[in-house]
Amino acid sequence: MQDVLDSVKRFAAGEIEPRAAEVDRSGQLPHGLVASLGEQGLLGLAVPARWGGIDSDLATFGACLEIVGRACASTAWVLLAHSMSARAIVAAGSDAQKERWLPELASGRRLGSAMAGTEAGGGSNPLGIRTAARRNGENWVLEGGKEFISLAGLADLYVVMARTAEPPASLGCFVVEKADSGLSFGRREELLGVRGVPVGGFALSGCTLPADRLLGAEAGGLMVMGAISAWGLVGAASAALGIASAALGAAVAHLSERVVAGARLASLAGVQATVGDLQMQLAGARAGLAQAIRDIEGCKGPPLPLFMAKLAATETAVCVVDRCMALHGAAGYSRELPAERRMRDVRAFTIHWANNAVLRDTIRKGSLA
C-alpha cells in the first residue's frame with residue numbers, strides 16, 4: 001500500500017492543500033473534486049477490489065485520512081462520509097446491491113453520505129430514532145426526518161436508519177437515492193468549521209422504496225452500525241491528527257523564521273520544550289491509534305480500544321492545534337493564517353463520528369465490566 005500512500009501525498013499536496021483556504025472562505029467544494037478523488041482511488045478505499053475499490057485495511061484507510069486531513073479538513077470529511085456509506089453496503093448488502101452501487105461509489109460517479117441517524121430530539125442515539133419504515137406490499141414507505149446529515153443535497157445516495165417495528169431495537173438500514181420521490185432537503189447549516197461540507201436535514205414524506213433498498217435484515221440496523229463503526233472512528237481520529245500535524249508543521253516553520261530581540265524563536269529553550277512536547281503528544285496519539293487497530297482484530301464486542309483511541313487522538317489534536325496557534329503570537333489569531341481555520345476544523349471531529357462525551361460514558365461503563 002506504500003504506492004497508494006505516496007500517490008495520495010502527491011495529490012493532496014498538489015490539488016487539495018492549495019485550495020483549502022478558498023474552500024473555507026467560500027463554503028464550497030472545488031468543482032471536479034469528487035471526480036478527482038475518484039480518479040485517485042480515494043473514494044474506493046473502503047470498497048473491495050472486486051467492486052472496483054482499493055480494498056484497503058483500517059490502517060491504510062487511517063493513513064490516507066491523515067494525509068488528506070493535513071491538506072484540507074473539509075475534503076477529509078467528504079471522504080470519510082462517503083466511505084462510511086460504501087462500507088455499510090459492503091457490510092450488509094447483497095451481491096446484487098453491491099454490484100449496483102459499489103462500482104459507482106468507488107469511481108466517484110456517485111457520491112454517498114454517511115449513516116443518516118441524527119434526528120430532532122434524539123441526537124445521534126439510535127434508540128431515539130423515530131423515522132418509520134412500513135411495508136406497503138413489496139415496497140417500503142419511509143416517514144420522518146433527519147438533521148445534521150453530511151453532504152445533504154450533494155450526495156447521490158444516503159444510508160438511512162429507520163424503525164421497522166416498535167422500539168427498542170427494531171431498526172433497519174435503507175438506501176435512499178437523491179432522485180427518490182418523497183425526499184426533500186432543508187436548509188444548509190452554517191458551520192463554524194469544515195465549512196466546505198454541506199450539512200443539513202432532509203424530510204421523508206411518503207418516500208416509497210422497492211424492497212431491494214433494505215440493507216440486510218429488517219431489524220439489522222444496529223448490526224450495520226457496529227460493522228462500520230471502526231471505519232468512522234479511525235477516519236475521524238486520523239483526520240484530526242492530520243490537522244494537528246499541519247498546525248505543528250506551520251508553527252515550526254514560523255518559529256524558525258521569526259526573530260525577536262535578535263534571536264530566532266526556535267532557538268529559545270522554552271519554545272523548543274513546547275514543540276518537543278507537542279511532537280511527543282502527536283506521536284503518542286498516533287501510536288495509540290495504531291495499537292487500537294491491532295487490538296480489535298477478531299473483536300466480537302464493542303471496539304473499546306478504538307473508542308479510547310478516537311477520544312484520545314481528537315482531544316490531543318485540539319490541544320496541539322490550540323497551542324500551535326498560540327505559538328504564532330498575535331498573527332495566529334488572524335484569518336490571514338490557517339491557524340485559526342485549523343482550530344475551527346479540528347473541533348468538529350470531537351463532536352461527530354462518535355461524540356467524545358458519549359465515548360467517555362461508554363468507556364466508563366465498559367472499563368469495569
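For reference, positions follow the sequence shown, starting with 1.
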* Between Q40 and E15, is a side chain to side chain contact (heavy atoms under 4.5 Å, CB included) present by the stated rule, with each step listed? -> CA-CA 11 Å; Q40 291 295 317; E15 301 295 331; over 6 Å; no
* To do: Take V234 and K310, measure what side chain to side chain contact (heavy atoms under 4.5 Å, CB included) needs, and give me the verdict at the end.
  => CA-CA 7 Å; V234 169; K310 189 270 181 180; over 6 Å; no
* Quick one: do F174 and T164 satisfy side chain to side chain contact (heavy atoms under 4.5 Å, CB included)? Show the steps, please. => CA-CA 10 Å; F174 296 85; T164 52; 3.9 Å; yes
* To do: List the steps, then state whether side chain to side chain contact (heavy atoms under 4.5 Å, CB included) holds for L327 with L265.
  => CA-CA 9 Å; L327 286 171; L265 292 180; over 6 Å; no
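Listed here is the closest heavy atom pair of K9 and I67: CG-CD1, 3.6 Å. Counting all heavy atoms, side chain and backbone alike, V34 lies closest to G108 at CG1-O, 3.8 Å. Here the shortest heavy-atom pairing between A12 and P18 reads O-CD, 4.1 Å. Between L282 and A244 the shortest heavy-atom distance is CD2-CB, 3.7 Å. When all heavy atoms of G112 and L151 are compared, the closest pair comes out as O-CD1, 3.4 Å. Considering all non-hydrogen atoms of both residues, L241 and A317 come closest at N-CB, 4.4 Å.
The existence of a salt bridge linking E190 and R195 is confirmed by a sub-4.0 Å separation between a basic side-chain nitrogen and an acidic carboxylate oxygen. Ion pairing of E189 with R187 is present here, as a side-chain N (NZ or NE/NH1/NH2) and a carboxylate O approach within less than 4.0 Å. Ion pairing between D180 and R213 holds under the 4.0 Å rule for side-chain N and carboxylate O. A salt bridge between R364 and D361 is present, with a side-chain N of the basic residue lying under 4.0 Å from a carboxylate O of the acidic one. Note on E177 versus R100: salt bridge recorded, some NZ/NE/NH1/NH2 to OD/OE distance being below 4.0 Å.
Judged by distance alone, with hydrogens and angles left aside, the side-chain atoms of E340 form no donor-acceptor pair with the main-chain N or O of M325 at under 3.5 Å. At distances below 3.5 Å, at least one donor-acceptor pair connects side-chain atoms of S229 with backbone N or O atoms of G226. In this structure, Q97 contributes its side chain and D212 its backbone to a donor-acceptor pair below 3.5 Å. Remark: side-chain polar atoms of S7 are not paired, donor with acceptor, to backbone N or O of V4 under 3.5 angstrom. Distance alone, capped at 3.5 Å, is enough to place a donor-acceptor pair between the S74 side chain and the G196 backbone. For the pair S334 (side chain) and L337 (backbone), a donor-acceptor distance under 3.5 Å is absent. At distances below 3.5 Å, not a single donor-acceptor pair connects side-chain atoms of E119 with backbone N or O atoms of K146. For S150 (side chain) and A81 (main-chain N/O), no donor-acceptor pair under 3.5 Å exists by modelled atom type. The backbone N or O of M343 sits nowhere less than 3.5 Å from a side-chain atom of R347 that would complete a donor-acceptor pair. A donor-acceptor distance shorter than 3.5 angstrom exists from the side chain of R87 to the backbone of A46, with no hydrogens or angles considered.
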Donor-acceptor contacts, no H, no angles, side chain residues 285-296, under 3.5 Å, sequence neighbours left out:
unit_1, atom_1, unit_2, atom_2, d
R286, NE, E66, OE1, 3.4
R286, NE, E66, OE2, 3.1
R286, NH2, E66, OE2, 2.8
Q291, OE1, R294, NH2, 2.8
Q291, NE2, D295, OD1, 2.8

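Clustering ILVMFWY residues whenever any of their side-chain heavy atoms sit less than 4.5 angstrom apart, transitively, puts V199 in the very cluster that holds L33. Hydrophobic clustering of Ile, Leu, Val, Met, Phe, Trp and Tyr side chains at less than 4.5 Å, counting indirect connections, keeps L204 apart from M115. Side-chain heavy atoms closer than 4.5 Å link hydrophobic residues (I, L, V, M, F, W, Y) into clusters, and following such links, possibly through other members, connects L102 to V175. L79 and Y158 are not part of a single hydrophobic cluster, where members link through side-chain heavy atoms under 4.5 Å apart. Linking ILVMFWY side-chain heavy atoms closer than 4.5 Å, directly or via other members, places I89 and L142 in two distinct hydrophobic clusters.
Put simply, the side chain of I149 does not reach to within 4.5 Å of the side chain of F185, judged on heavy atoms. The shortest distance between side-chain heavy atoms of W51 and W101 does not fall below 4.5 Å. Under the 4.5 Å side-chain criterion, counting only non-hydrogen atoms from C-beta, L154 is in contact with L29. Residues F202 and K178 are not in side-chain contact: their nearest non-hydrogen atoms beyond the backbone lie 4.5 Å or more apart. Side-chain atoms of V320 and C324, non-hydrogen and from C-beta on, do get closer than 4.5 Å to each other. For the pair Q281/R323, no side-chain contact is recorded, criterion being any heavy-atom separation below 4.5 Å from C-beta on. You'll find the side chain of H82 reaches within 4.5 Å of the side chain of L105, heavy atoms only. Considering only heavy atoms from C-beta on, T60 stays 4.5 Å or farther from I54 through its side chain.
To the nearest 0.5 angstrom, S36 atom OG is 10.0 Å from L42 atom CG. In this structure, L192 CG and R344 CZ are separated by 6.0 Å, a value rounded to the nearest 0.5 Å. To the nearest 0.5 Å, atom CZ of residue R342 and atom CG of residue D322 are 14.0 Å apart. The CE atom of M280 lies 4.5 Å from the CG atom of D277; values are rounded to the nearest 0.5 Å. Within the model, atoms CG of L209 and CH2 of W140 stand 10.5 Å from one another, a figure rounded to the nearest 0.5 Å. In this structure, M308 CE and T362 OG1 are separated by 10.5 Å, a value rounded to the nearest 0.5 Å.
H352 and F148 have tilted rings, their planes meeting at an angle from 30° to 60° on a 0 to 90° scale.
Judged purely by distance below 3.5 Å, without hydrogens or angles, the side chains of N136 and T208 never pair a donor atom with an acceptor atom.
Residue F11 qualifies as enclosed at atom CZ: its count of foreign heavy atoms under 6.0 Å is above 12.
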